[in-house]
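Just below is one structure, and these are the notes that go with it.
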Amino acid sequence: MKKIRHRIETFLVNFGVWWLPKLSRGQVLLLSKVIGLLAFAIDYRGRSTAIANLKAAFARENITPAQARRIAIGSFQNFARTFLDLFWIAGHPKEELPEIAKLSWQDSETPAMAKSRGALWVTPHYGNFEVLSLIVGLQASPNSPSLKTSKMPH
């Protein structure tokens, strides 16, 4: 069974690498919403965990089941968008990437200083931070991501 699953996953990844860059940004966003909604509907365990975590995190606010469901669906859709973006962006030349995502700097000198002296960027695990790292590297300075492993039991 695992062998079959791996073959299907390999096919889907190769198909994604070929097909996703051909889509417009709007099509990728729509596709990510559909895939996220489907994943929410199909993944019983993930859905249950997400809703239980939301109920625990928002216990004081008395989150309603409808609110928890809406937030969980959004989380599944955000994950799908992040995943699809990795394939979509990989198919675009680096010269196009600044047009895909623009950074705003509090100080307009920051990118030049980062290129000349180096910089340390702190990026929380929020949203599509993988793409953010790529864009910062292209617009401000080359980067070498580093991470700290979690001490939480898995």
Side-chain angles (χ1 to χ4, degrees), residues 1-58 63 65-105 111 114-115 118-154:
M1 192 65 165
K2 247 186 195 177
K3 208 175 215 182
I4 293 170
R5 190 183 100 209
H6 288 163
R7 285 186 179 169
I8 291 169
E9 288 172 352
T10 300
F11 169 78
L12 290 173
V13 167
N14 288 331
F15 180 74
V17 167
W18 171 79
W19 182 61
L20 285 168
K22 297 174 182 352
L23 300 179
S24 70
R25 183 72 187 139
Q27 290 169 323
V28 171
L29 295 175
L30 179 61
L31 182 60
S32 69
K33 287 185 178 200
V34 170
I35 290 173
L37 191 57
L38 285 172
F40 179 82
I42 293 168
D43 183 7
Y44 172 78
R45 204 166 82 185
R47 178 177 64 240
S48 297
T49 300
I51 290 174
N53 286 344
L54 288 164
K55 285 180 180 178
F58 295 105
I63 190 170
Q67 290 170 320
R69 180 180 168 82
R70 182 180 48 79
I71 294 168
I73 289 170
S75 177
F76 274 72
Q77 291 173 326
N78 186 61
F79 181 82
R81 183 176 59 243
T82 298
F83 192 76
L84 293 180
D85 275 349
L86 294 174
F87 290 96
W88 184 72
I89 286 181
H92 291 80
K94 69 179 183 177
E95 295 77 29
E96 285 181 22
L97 295 181
E99 296 305 313
I100 293 168
K102 294 189 190 292
L103 298 176
S104 304
W105 304 97
K115 283 183 180 176
L120 176 65
W121 309 107
V122 178
T123 308
H125 191 133
Y126 179 77
N128 199 338
F129 65 93
E130 293 91 350
V131 172
L132 175 63
S133 177
L134 179 63
I135 301 297
V136 168
L138 291 171
Q139 293 186 20
S141 66
N143 59 63
S144 299
S146 63
L147 58 99
K148 181 178 180 189
T149 56
S150 174
K151 293 182 181 179
M152 294 178 63
H154 298 273

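Because the structure is predicted, anything quoted here is derived from the model rather than measured.
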Could you give the side-chain donor-acceptor pairs of residues 67-75 under 3.5 Å, partners two or more places apart or in another chain?
{"residue": "Q67", "atom": "OE1", "partner": "T64", "partner atom": "N", "Å": "2.8"}
{"residue": "Q67", "atom": "OE1", "partner": "T64", "partner atom": "OG1", "Å": "3.3"}

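The aromatic rings of F15 and W19 sit parallel to each other, their planes meeting at less than 30°, with 60° as the upper class boundary.
Here K2 contributes atom NZ and H6 contributes atom NE2; the two are 6.0 Å apart, rounded to the nearest 0.5 Å. The CG atom of L37 lies 11.0 Å from the OG atom of S32; values are rounded to the nearest 0.5 Å.
In terms of heavy atoms, V28 sits closest to L20 at CG2-O, 4.4 Å. Contact detail for F87 and P21: the closest heavy-atom pair is O-CG, 3.6 Å. When every heavy atom of L23 is checked against every heavy atom of W88, the shortest pair comes out as O-NE1, 2.8 Å. Between F76 and F40, the shortest heavy-atom contact is CD2-N, 3.5 Å. Taking both residues in full, the closest heavy atoms of G36 and A80 are given as N-CB, 3.9 Å, listed atom of the first, atom of the second, then distance. Minimum interatomic distance between R25 and R81 (heavy atoms only, all atoms of both residues): NH2-CD, 4.3 Å.
Note on residues 38-56: no pairs pass salt bridge (Lys or Arg N to Asp or Glu O under 4.0 Å), not counting sequence neighbours.
In this structure, L12 places its CG atom where more than 12 heavy-atom neighbours from other residues, nucleotides or ligands lie under 6.0 Å away. Heavy-atom neighbours of K3 NZ from other residues, nucleotides or ligands within 6.0 Å: at or below the threshold of 12. The number of heavy-atom neighbours closer than 6.0 Å to CZ of F83, taken from other residues, nucleotides and ligands shown, is 12 or below.
In this structure, I35 and F79 have side chains that are not in contact, with every pair of non-hydrogen atoms separated by 4.5 Å or more.
Remark: side-chain polar atoms of Q77 are paired, donor with acceptor, to backbone N or O of K33 under 3.5 angstrom.
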